[in-house]
Protein chains: 2
Amino acid sequence: MSENNSEKFQPAFCPIRHVLDRFGDKWSILVVELLSHKGRMRFSEIANNIGDISQKMLTVTLRSLEADGLISREFFPEIPPRVEYELTALGKSLIPPINNLLHWGQEHLETILNNRKRYEEKDQEKAKGKKAYS
Amino acid sequence: MSENNSEKFQPAFCPIRHVLDRFGDKWSILVVELLSHKGRMRFSEIANNIGDISQKMLTVTLRSLEADGLISREFFPEIPPRVEYELTALGKSLIPPINNLLHWGQEHLETILNNRKRYEEKDQEKAKGKKAYS
DNA sequence: CTGGATCCATGGGGATACTG
DNA sequence: CAGTATCCCCATGGATCCAG
C-alpha cells in the first residue's frame, strides 16, 4: 500500500526528470529560442546574440543539443572555417511548448517581481522583530 | 547599426532570462507539477514523493516558490508542527505551459535517448580512428 | 574562426547536528 | 515534524592556451 503512494515522481520511473535534466541548464532553451528566430546561425553569431555565454559553455550546449538531435551542425572546411547551426524538425517541434512557457513568463514577470519584493520586505520586518527582542 | 542586430537576448533586456533563471533549477518545476496533481501537501509528503531531494533543497525551493507567489504556505502551530503547501492561482496558471513542455518530453524522450546513444557511438568511432593513426 | 584541452575558482547542493 | 545552521565536497563553468 505504502508503495503505491509514491508512484511517478521517483527518479527511476519518471520521464519528467529526463526533460528537466535536459533543460535544467541555463543555456539550452535560450539557444533553441534564438535559433527559432534567426534560423541558421554561425557559432560566433550565437555567442554575440547571447552576450554573456563563454565559448566553452556554448560549445558544450551546442554539442548536447546536437547529440539529442535538436540541432544540426554543418561544418564548412574553408579558411577561416565556418560552422552553421540550425534547428532540426525535432528541435522545431520544441518551439511551441517553449514559447508557451516564455509567454507565461512575460505575462507574469512583473507580478512575480513584485511578489518577490514584498516577500523580502516581510522577511526583513521579521528579522527586525527578532533583533528588537534580544 | 551593429547595435540593432543584438536586440533582445542580451541579459539586461530580455524577460526570457528571468524565466529561465527561475526554472533553471532542478526542483521548482517538479514541485509545481507535483502540487498540481496532489493539491495540498505537507513538507514531508513532498519530500517522500520526490524521493531524492535533500530537505535543504526542498526548503530553498519552497521558499523561492513562495516568494514568487506561486505557492502558499500555511503553518499550523500544533505539536508536532504541520505545514501545508498549495498552488496559488498564479501557480496554477503555470500548469498548462509546464504540462505542454513535459508532454513534449514524454513524446520525444525515446527518440532523444536513441539520438544520444547514436551520437556517442559515432563519437567513439572517431576516437578509434584517431588512435589508429598514431 | 571554431573549437579542444587544461587549470582553477566559485557556489550549488549534500550530510549532519541542532532547535522550536 | 519542519525547518535552521554549519561544514564541506565536487560539478559547473570561466579563463587561458593551443590546434586545424
Side-chain angles (χ1 to χ4, degrees), chain A residues 11 17 20-31 35 40-67 71-86 119 123-124 126-127 129-131 133-134, chain B residues 11 17 20-31 35 40-67 71-86 119-120 122-124 126-127 129-131 133-134:
Chain A
R17 303 293 282 265
L20 295 180
D21 281 355
R22 187 63 199 80
F23 300 115
D25 67 288
K26 295 207 302 202
W27 306 114
S28 294
I29 290 186
L30 195 57
V31 168
L35 282 174
R40 179 172 274 256
M41 293 180 77
R42 304 183 55 168
F43 184 90
S44 51
E45 251 183 299
I46 301 176
N48 290 332
N49 269 272
I50 291 183
D52 59 342
I53 188 174
S54 66
Q55 123 272 60
K56 173 182 176 180
M57 285 320 296
L58 182 52
T59 301
V60 170
T61 303
L62 289 171
R63 284 293 167 282
S64 67
L65 287 173
E66 190 198 357
I71 65 174
S72 65
R73 175 179 189 273
E74 192 169 2
F75 173 76
F76 300 87
E78 311 166 351
I79 303 223
R82 175 165 54 106
V83 182
E84 292 185 354
Y85 296 92
E86 192 173 23
Y119 188 87
D123 235 31
Q124 297 207 345
K126 276 208 301 195
K130 265 194 179 175
K131 275 204 174 170
Y133 266 129
S134 64
Chain B
R17 302 294 282 263
L20 294 179
D21 281 355
R22 185 63 199 79
F23 300 115
D25 67 289
K26 295 206 304 202
W27 306 115
S28 294
I29 290 186
L30 195 58
V31 168
L35 283 173
R40 180 172 272 257
M41 291 180 79
R42 304 183 55 169
F43 184 90
S44 52
E45 252 183 297
I46 301 175
N48 290 331
N49 269 273
I50 292 182
D52 60 342
I53 187 174
S54 67
Q55 83 292 50
K56 174 181 175 179
M57 286 319 296
L58 182 52
T59 300
V60 170
T61 302
L62 289 171
R63 285 291 167 283
S64 68
L65 287 174
E66 191 199 355
I71 65 174
S72 64
R73 175 179 188 272
E74 191 169 3
F75 173 76
F76 299 87
E78 310 166 351
I79 304 222
R82 176 164 54 105
V83 182
E84 292 186 355
Y85 296 91
E86 193 173 22
Y119 188 87
E120 278 170 19
K122 256 193 1 189
D123 235 32
Q124 297 207 345
K126 276 209 302 194
K130 264 195 178 176
K131 276 205 172 169
Y133 265 129
S134 63

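Remember, it's a predicted structure, so these values are computed and weren't measured experimentally. Residue numbers begin at 1 in each chain, while the letters A, B, ... track the order of the sequences.
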**Study point:** Nearest-Å distance for atom pair CG/P, residues Asp21(B) and dG13(D)
**Key:** 12 Å
Review point. The side chain of Val83(B) lies closest to which of these nucleotides: dG4(C), dA2(D), dT2(C)?
Key: dA2(D)
Check nucleotides 15-20 of chain D for protein N or O atoms closer than 3.5 Å to its own N or O atoms and list the pairs.
none

Practice item. Taking all heavy atoms of Leu58(A) and all of Phe43(A), pick out the closest pair and write down the distance. Key: CD2-O, 3.7 Å
Review point. When you check the phosphate oxygens OP1 and OP2 of dC1(D), does a side-chain N or O of Arg42(B) lie under 4.0 Å from one of them?
Key: no
Practice item. Find the distance Phe76(A):CZ to dC1(C):C1' and express it as a whole number of Å. Key: 14 Å
Review point. Does Tyr85(B) reach the side chain of Val31(B), with side-chain heavy atoms less than 4.5 Å apart?
Key: no
Practice item. May I ask you to verify if any side-chain N or O of Arg63(B) is less than 4.0 angstrom from the OP1 or OP2 atom of dG3(D)? Key: yes
Check your understanding: Would you say dA2(D) has OP1 or OP2 under 4.0 Å from some side-chain N or O of Ser44(B)?
Key -> yes
**Study point:** Atom-pair distance (CG on Leu65(A); P on dG3(C)), nearest Å
**Key:** 13 Å
Practice item. For residues Ile71(B) and Arg63(B), determine if any side-chain heavy atom of one lies less than 4.5 Å from a side-chain heavy atom of the other. Key: no
**Study point:** Ile50(B) CD1 - dG14(C) P separation (whole Å)
**Key:** 11 Å
Check your understanding: Taking only side-chain nitrogens and oxygens of Arg73(A), does any of them come within less than 4.0 Å of OP1 or OP2 of dG3(C)?
Key -> yes
**Study point:** Min side-chain heavy-atom separation Arg17(A)-Lys26(B) under 4.5 Å
**Key:** no
Exercise for review: Send over the distance from Glu45(A) CD to dC1(C) C1', rounded to a whole Å.
Suggested key: 13 Å
Study note, to complete from the structure: Sequence neighbours excluded, the answer for side chain to side chain contact (heavy atoms under 4.5 Å, CB included) partners of Glu86(B) is Arg40(B), Ser72(B)
Review point. To the nearest angstrom, how far is Met41(B) atom CE from dC1(D) atom C1'?
Key: 15 Å
Exercise for review: Check whether any side-chain heavy atom of Gln55(B) sits under 4.5 Å from a side-chain heavy atom of Ser44(B), and report yes or no.
Suggested key: no
Review point. In whole angstroms, how far is the C1' atom of dA2(D) from the CG atom of Asn48(B)?
Key: 13 Å
Practice item. Quickly work out the Lys26(B) NZ to dG13(C) C1' distance and round it to whole Å. Key: 9 Å
Review point. If you round to the nearest 0.5 Å, how far is CG of Asn48(A) from CZ of Arg42(A)?
Key: 10.5 Å
